[in-house]
Undergrad: 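My structure is below; once you've seen it, I'll send some questions.
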Amino acid sequence: MDTKGIEATALSIRSLSMDAIQKAKSGHPGLPLGAAEVAAVLYGEVMKHNPADSSWVDRDRFVLSAGHGSMLLYSILHIAGYKVSMDDIKTFRQVGSKCPGHPEVRVTDGVESTSGPLGQGIAVSVGMAVAESMLAARFNTARRTIVDHYTYSLVGEGCLEEGVSSEASSLAGTLKLGKLIVFYDENKISIDGSTDITFGDDVQKRYESYGWQVLRGSMYNVGEIADLVRAAKAEKNKPSLIILKSVIGKGAPNEGTAGVHGAPLGEDGVKAAKRTLGLPEDKDFYVVPEAYSFFEMRRKELAEAQAEWQKEFDAWKEENPELAKLWASYWSAGQTAEAAAPSYKPGDKLATRAASGKSLNCMADRFQWLVGGSADLRDPNKTAVKNDDGIFSPENRKGRTIEYGIREFAMSQVMSGINLHGGLRAFGATFLVFSDYLRGSLRVAALSKIPNIYVFTHDSIYVGEDGPTHQPIETLASLRVIPNVQVLRPGDAEESQLAWEVALESKDHPVCMAFTRQDLVVYEKPADWQKNARRGAYVVLDTDGTPDITVLATGSEVGMAIEAAGLVSGKKVRVVSVFDKTLLDNDEALQAEVIGGAKRVVVAEAGSRMGWEGYARKADLFTLNDFGESGPASKVAEHLGFTAAKLAELLNK
């Protein structure tokens with residue numbers, strides 16, 4: 001190890017971080033000042049990466065879970081030679097900068113995951129480690145190894161206090177993800193003061209109980225950090241937590257206190273810190289020359305390592321032409337086999353969750369790279385994949401079905417990690433009402449343009465006996481308001497197949513599909529229904545001439561509206577299936593087309609009226625705006641006045 005080069009890098013991280021934060025008059029200097037060594041050791045000694053090619057598929061991944069310390073990451077990426085310029089550093093936290101307040105994937109070269117909401121980064125790291133192990137099992141051969149990398153993450157007390165970190169860490173230990181190595185920056189400080197106020201956990205015992213190897217050392221001994229990583233790598237059957245004792249804001253006048261966590265040091269504070277650290281006080285954004293020269297040599301070594309991997313990959317490709325074709329399909333999201341879609345005819349009756357299960361198996365047959373599972377609801381969600389490679393486990397890394405356990409939040413972030421890693425596409429499933437548990441992750445996935453696929457079943461009051469705790473009322477509306485989230489609520493089995501096709505086609509946004517528990521009748525459709533459904537909505541039931549009333553319905557209420565229309569006399573009723581309300585909302589031409597000049601519009605959805613107000617007067621919003629009731633589904637609907645007969649009464653007014 002070039003100890004001087006590593007130490008020069010750590011000092012330069014501190015220099016750039018405090019100056020960038022001071023110039024922005026905003027930021028968190030505590031972590032980059034306190035934990036600079038771990039970044040310097042990782043990028044300068046430990047990690048397999050190549051600044052000249054940040055998309056190299058067999059690179060090690062690093063996720064800064066404690067994303068508020070973003071200047072730590074930007075500084076090391078700049079020094080290491082990624083496409084993060086000094087001008088980028090100087091425009092930290094400014095509009096349009098490549099160095100936003102918290103790391104954002106696809107904004108900054110070398111950033112693997114959007115982090116900031118604490119705890120989510122370590123959960124993403126678990127997903128990346130899952131993806132590595134899956135791909136290694138599928139593509140490495142007895143002669144050649146083309147997938148062999150580690151996932152690293154840096155967490156603080158805040159990450160470990162958030163529940164999602166517990167969910168994800170428990171899962172990682174159960175799955176024995178030996179190539180996951182997490183550093184814990186143990187400085188005992190949070191925004192409100194000493195963590196002793198709120199955080200008395202014995203972290204070592206906690207992680208040992210999860211099934212992790214736990215190692216301890218000092219943040220300020222670079223040789224020891226490298227040795228600890230070697231010890232972590234030697235343990236093949238457990239993820240490792242390396243606890244590094246540190247001082248928050250090391251070198252600053254207020255080091256070791258809450259005051260240095262999330263506020264600039266001030267001009268005098270910066271000067272004092274530079275004096276303490278041995279940095280020139282009169283030079284801003286100073287990088288120790290030895291740091292640049294160290295990474296100039298390091299980049300040559302890293303490029304050579306990738307070149308050696310490429311030779312191995314080319315030899316593997318030559319020896320395994322069929323496997324190589326499959327590899328290409330995995331990384332391009334191409335079809336790997338033919339599989340006929342399930343077929344239905346008008347009058348068939350089944351729940352859309354059951355239809356979703358059939359469609360999932362169709363997609364799993366077509367695309368071997370599709371993986372995922374449920375939060376302990378495989379049978380109710382109908383997400384069992386037949387004829388696959390089994391359950392993903394320590395004994396079966398080829399398994400395509402992931403048993404997430406009752407961990408919705410972690411499930412969603414693990415999905416994000418798998419999808420960010422590349423080569424695989426992940427889905428996750430739970431009841432629609434429990435999407436609230438993972439909402440924070442869904443928002444970050446949408447911001448990050450990650451195409452997660454969410455299967456949400458039991459989508460309304462028709463859940464029945466489980467009662468209002470399990471009957472989503474406001475949930476669809478709350479999902480639709482998240483930017484860049486596509487929400488599909490198919491009305492029958494055929495629309496459920498289309499929903500899966502649309503979800504698999506997504507490249508830059510999450511897709512949420514809401515499916516019923518109760519059986520729905522497959523209804524007749526016009527020949528071009530799929531084309532128009534993809535636009536957002538289509539006419540299911542039409543009339544001669546201009547309709548008097550157009551009913552905009554989603555999901556199970558499409559069939560209800562068709563039934564209700566048959567009970568109306570003296571009025572021409574058109575029924576529209578709103579497959580994707582957001583697309584309809586954003587297309588005024590489509591709105592005019594499907595409404596068809598009707599003077600009256602009625603909305604039918606078993607959920608909140610929020611978001612529908614622009615289509616119909618309040619009296620014509622056939623929706624639900626209070627919690628449900630416990631009882632058989634049909635009785636609950638009658639009790640709440642949510643039946644085809646009641647809808648017909650409204651239409652007859």
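By convention here, the first residue in the shown sequence is residue 1.
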Undergrad: Under the ring pair (Phe, Tyr, Trp, His ring centres under 6.0 Å) criterion, do F434 and F456 qualify, and how do the steps go?
TA: CA-CA 9 Å; F434 298 144; F456 294 137; over 10 Å; no

Undergrad: Side chain to side chain contact (heavy atoms under 4.5 Å, CB included) for S115 and V124? Distances and angles first, verdict last.
TA: CA-CA 9 Å; S115 58; V124 161; over 6 Å; no

Undergrad: Got a sec, which residues hit side-chain contact (heavy atoms from CB on, under 4.5 Å) with A633, two or more places apart in sequence or on another chain?
TA: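 A633: side-chain contact (heavy atoms from CB on, under 4.5 Å) contacts with Y462.
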
Undergrad: Is it the case that atom CD in E524 sees more than 12 heavy atoms from other parts of the structure closer than 6.0 Å?
TA: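 Incorrect, the count does not exceed 12.
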
Undergrad: Within a strict 4.5 Å, meaning less than it, do heavy atoms of the V602 and L650 side chains meet?
TA: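 Answer yes - side chains close enough.
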
Undergrad: Name the atoms and distances for all side-chain donor-acceptor pairs under 3.5 Å in residues 420-431, with sequence neighbours left out.
TA:
{"residue": "H421", "atom": "NE2", "partner": "H149", "partner atom": "NE2", "Å": "2.8"}
{"residue": "R425", "atom": "NE", "partner": "P451", "partner atom": "O", "Å": "2.7"}
{"residue": "R425", "atom": "NH1", "partner": "L504", "partner atom": "O", "Å": "3.3"}
{"residue": "R425", "atom": "NH1", "partner": "S506", "partner atom": "O", "Å": "3.4"}
{"residue": "R425", "atom": "NH2", "partner": "P451", "partner atom": "O", "Å": "3.0"}
{"residue": "R425", "atom": "NH2", "partner": "A503", "partner atom": "O", "Å": "2.9"}
{"residue": "R425", "atom": "NH2", "partner": "S506", "partner atom": "O", "Å": "3.2"}

Undergrad: Any heavy-atom pair between the side chains of V487 and D580 that's under 4.5 Å?
TA: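 The answer is no, as the side chains (C-beta and beyond) never meet within the 4.5 Å cut-off.
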
Undergrad: How would you list, by chain and number, every residue that makes a salt bridge (Lys or Arg N to Asp or Glu O under 4.0 Å) with K98, sequence neighbours excluded?
TA: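 Checked K98 against salt bridge (Lys or Arg N to Asp or Glu O under 4.0 Å); zero matches.
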
Undergrad: Do you know which of N381, V455, I453, L370 makes side chain to side chain contact (heavy atoms under 4.5 Å, CB included) with L360?
TA: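 The residue from N381, V455, I453, L370 that satisfies side chain to side chain contact (heavy atoms under 4.5 Å, CB included) with L360 turns out to be L370.
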
Undergrad: For a quick test of reading the model, state the closest non-hydrogen atom pair linking V444 to P117 and the distance between them.
TA: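 Shortest heavy-atom contact: CG2-CG, 3.9 Å.
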
Undergrad: Which residues pass the salt bridge (Lys or Arg N to Asp or Glu O under 4.0 Å) test with R378, not counting sequence neighbours?
TA: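 Counting only residues at least two positions away or on another chain, R378 forms a salt bridge (Lys or Arg N to Asp or Glu O under 4.0 Å) with E403.
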
Undergrad: Is there side-chain contact between E494 and W529, with heavy atoms separated by less than 4.5 Å?
TA: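 SC-SC contact between E494 and W529 confirmed.
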
Undergrad: Of the non-hydrogen atoms in V540 and S577, which two are nearest, and what is the gap between them?
TA: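 What the structure gives for the nearest pair is CG2-CB, 3.5 Å.
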
Undergrad: Between E465 and K635, is the closest basic N to carboxylate O distance under 4.0 Å?
TA: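 Salt bridge flag = no for E465 with K635.
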
Undergrad: Between Q497 and S359, does a side chain to side chain donor-acceptor pair (under 3.5 Å) hold up when you go through it step by step?
TA: CA-CA 5 Å; Q497 172 66 20; S359 296; 2.7 Å; yes

Undergrad: Can you list everything that forms a salt bridge (Lys or Arg N to Asp or Glu O under 4.0 Å) with R353? Sequence neighbours excluded, please.
TA: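 Result, salt bridge (Lys or Arg N to Asp or Glu O under 4.0 Å) vs R353: none returned.
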
Undergrad: Would you check if W369 and Q335 make a side-chain contact, meaning some heavy-atom pair closer than 4.5 Å?
TA: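 Not in contact.
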
Undergrad: Does D585 have any salt bridge (Lys or Arg N to Asp or Glu O under 4.0 Å) partners at least two apart in sequence or in another chain, and if so, which?
TA: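 D585 satisfies salt bridge (Lys or Arg N to Asp or Glu O under 4.0 Å) with K581 only.
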
Undergrad: Quick one: do H68 and H102 satisfy side chain to side chain contact (heavy atoms under 4.5 Å, CB included)? Show the steps, please.
TA: CA-CA 6 Å; H68 57 274; H102 292 79; 3.7 Å; yes

Undergrad: Is there a side chain to side chain donor-acceptor pair (under 3.5 Å) between S608 and E474 once you walk through the steps?
TA: CA-CA 5 Å; S608 170; E474 78 293 347; over 6 Å; no

Undergrad: Is the cationic atom of K525 (NZ for Lys, CZ for Arg) positioned less than 6.0 Å from the six-membered ring centroid of Y523 and within 45 degrees of its normal?
TA: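 Because its charged atom sits under 6.0 Å from the ring centre and within 45° of the axis, K525 does stack over Y523.
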
Undergrad: Before you tell me yes or no, could you show the steps for E495 and Y538 under side chain to side chain donor-acceptor pair (under 3.5 Å), namely the whole-Å CA-CA distance, both residues' side-chain angles and the distance that decides it to 0.1 Å?
TA: CA-CA 11 Å; E495 288 189 12; Y538 71 98; 2.5 Å; yes

Undergrad: V107: what forms a side-chain contact (heavy atoms from CB on, under 4.5 Å) with it, not counting sequence neighbours?
TA: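 side-chain contact (heavy atoms from CB on, under 4.5 Å) check on V107 returns P100, E104.
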
Undergrad: Is it true that atom CZ of F199 has more than 12 heavy atoms of other residues, nucleotides or ligands lying nearer than 6.0 Å?
TA: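 For F199, atom CZ is crowded (more than 12 foreign heavy atoms under 6.0 Å).
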
Undergrad: Using the rule side-chain hydrogen bond (donor to acceptor under 3.5 Å, both in side chains), only one of Q120, E408, R407 pairs with Q413; which is it?
TA: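 Testing each of Q120, E408, R407 against Q413, the sole residue satisfying side-chain hydrogen bond (donor to acceptor under 3.5 Å, both in side chains) is Q120.
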
Undergrad: May I ask you to say whether D620 pairs ionically with R600, meaning some side-chain N is under 4.0 Å from a carboxylate O?
TA: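 Looking at R600 together with D620, the answer is yes, because their closest N to O distance falls below 4.0 Å.
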
Undergrad: Listed by chain and number, what are the side chain to side chain donor-acceptor pair (under 3.5 Å) partners of T554, not counting sequence neighbours?
TA: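 Side chain to side chain donor-acceptor pair (under 3.5 Å) check on T554 returns R489, E605.
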
Undergrad: How close do S169 and I122 get, heavy atom to heavy atom, and via which atoms?
TA: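 Result for this residue pair: OG-CD1, 3.7 Å.
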
Undergrad: Just by distance, with hydrogens left out, do T516 and S556 show a side-chain donor and acceptor under 3.5 Å apart?
TA: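 Side-chain D/A pair, T516 to S556: absent.
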
Undergrad: In the structure I gave you, are the side-chain heavy atoms of V558 and D492 within less than 4.5 Å of one another anywhere?
TA: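 When only atoms from C-beta onward are counted, D492 and V558 do not touch, as no gap falls below 4.5 Å.
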
Undergrad: Is the shortest side-chain heavy-atom distance between H458 and P380 below 4.5 Å?
TA: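 Of all side-chain heavy-atom pairs linking P380 with H458, at least one is under 4.5 Å.
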
Undergrad: About how many Å separate CG of L479 and CZ of R439, when rounded to the nearest 0.5 Å?
TA: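 CG of L479 is found 6.0 Å from CZ of R439.
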
Undergrad: Which atom pairs, one a donor and one an acceptor, fall under 3.5 Å between side chains of residues 559-576 and the rest of the protein, sequence neighbours left out?
TA:
{"residue": "K571", "atom": "NZ", "partner": "L651", "partner atom": "O", "Å": "3.1"}
{"residue": "K571", "atom": "NZ", "partner": "N652", "partner atom": "O", "Å": "3.2"}
{"residue": "K571", "atom": "NZ", "partner": "K653", "partner atom": "O", "Å": "2.5"}
{"residue": "K572", "atom": "NZ", "partner": "D544", "partner atom": "O", "Å": "3.2"}
{"residue": "K572", "atom": "NZ", "partner": "T546", "partner atom": "O", "Å": "3.3"}
{"residue": "R574", "atom": "NE", "partner": "D542", "partner atom": "OD1", "Å": "2.9"}
{"residue": "R574", "atom": "NH1", "partner": "E593", "partner atom": "O", "Å": "3.1"}
{"residue": "R574", "atom": "NH1", "partner": "V594", "partner atom": "O", "Å": "2.8"}
{"residue": "R574", "atom": "NH2", "partner": "D542", "partner atom": "OD1", "Å": "3.2"}
{"residue": "R574", "atom": "NH2", "partner": "D542", "partner atom": "OD2", "Å": "3.3"}

Undergrad: How about V371 and T401: do any of their side-chain heavy atoms sit closer than 4.5 Å?
TA: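 A side-chain contact under 4.5 Å is absent here.
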
Undergrad: Kindly determine whether K449 and N484 satisfy side chain to side chain contact (heavy atoms under 4.5 Å, CB included), including the steps that lead there.
TA: CA-CA 8 Å; K449 300 181 179 179; N484 204 40; 3.9 Å; yes

Undergrad: Can you list, pair by pair, the side-chain donor-acceptor contacts under 3.5 Å of residues 342-350, counting residues two or more places apart and other chains?
TA:
{"residue": "K345", "atom": "NZ", "partner": "D348", "partner atom": "OD1", "Å": "3.1"}
{"residue": "D348", "atom": "OD2", "partner": "K345", "partner atom": "N", "Å": "2.9"}

Undergrad: What residues form a side-chain contact (heavy atoms from CB on, under 4.5 Å) with P472, not counting sequence neighbours?
TA: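 Expected list: L432, V433, T475.
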
Undergrad: So which atom in A66 and which in G156 form the shortest heavy-atom distance, rounded to 0.1 Å?
TA: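 Shortest heavy-atom separation between A66 and G156 comes out as CB-N, 4.2 Å.
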
Undergrad: Evaluate whether atom CZ of R443 has more than 12 neighbouring non-hydrogen atoms of other residues, nucleotides or ligands under 6.0 angstrom away.
TA: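 No.
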
Undergrad: Examine the side chains of S356 and W500 and answer whether a donor and an acceptor come within less than 3.5 Å of each other.
TA: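 Short answer, yes.
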
Undergrad: Any donor-acceptor pair under 3.5 Å linking the side-chain atoms of T336 with those of Y330?
TA: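 Result is no, nothing qualifies.
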
Undergrad: So with a 6.0 Å cut-off around NZ of K531, is the heavy-atom count from everything else above 12?
TA: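 Check fails, neighbour count at 12 or below.
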
Undergrad: What pairs with D528 under side-chain contact (heavy atoms from CB on, under 4.5 Å), at least two apart in sequence or on another chain?
TA: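 Applying side-chain contact (heavy atoms from CB on, under 4.5 Å) to D528 gives P526, N532.
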
Undergrad: Check the pair L118 / S165 against side chain to side chain contact (heavy atoms under 4.5 Å, CB included), numbers first and verdict last.
TA: CA-CA 9 Å; L118 292 178; S165 67; over 6 Å; no

Undergrad: Do E112 and M128 touch side chain to side chain, with heavy atoms closer than 4.5 Å?
TA: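 The answer is yes; the side chains approach within 4.5 Å.
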
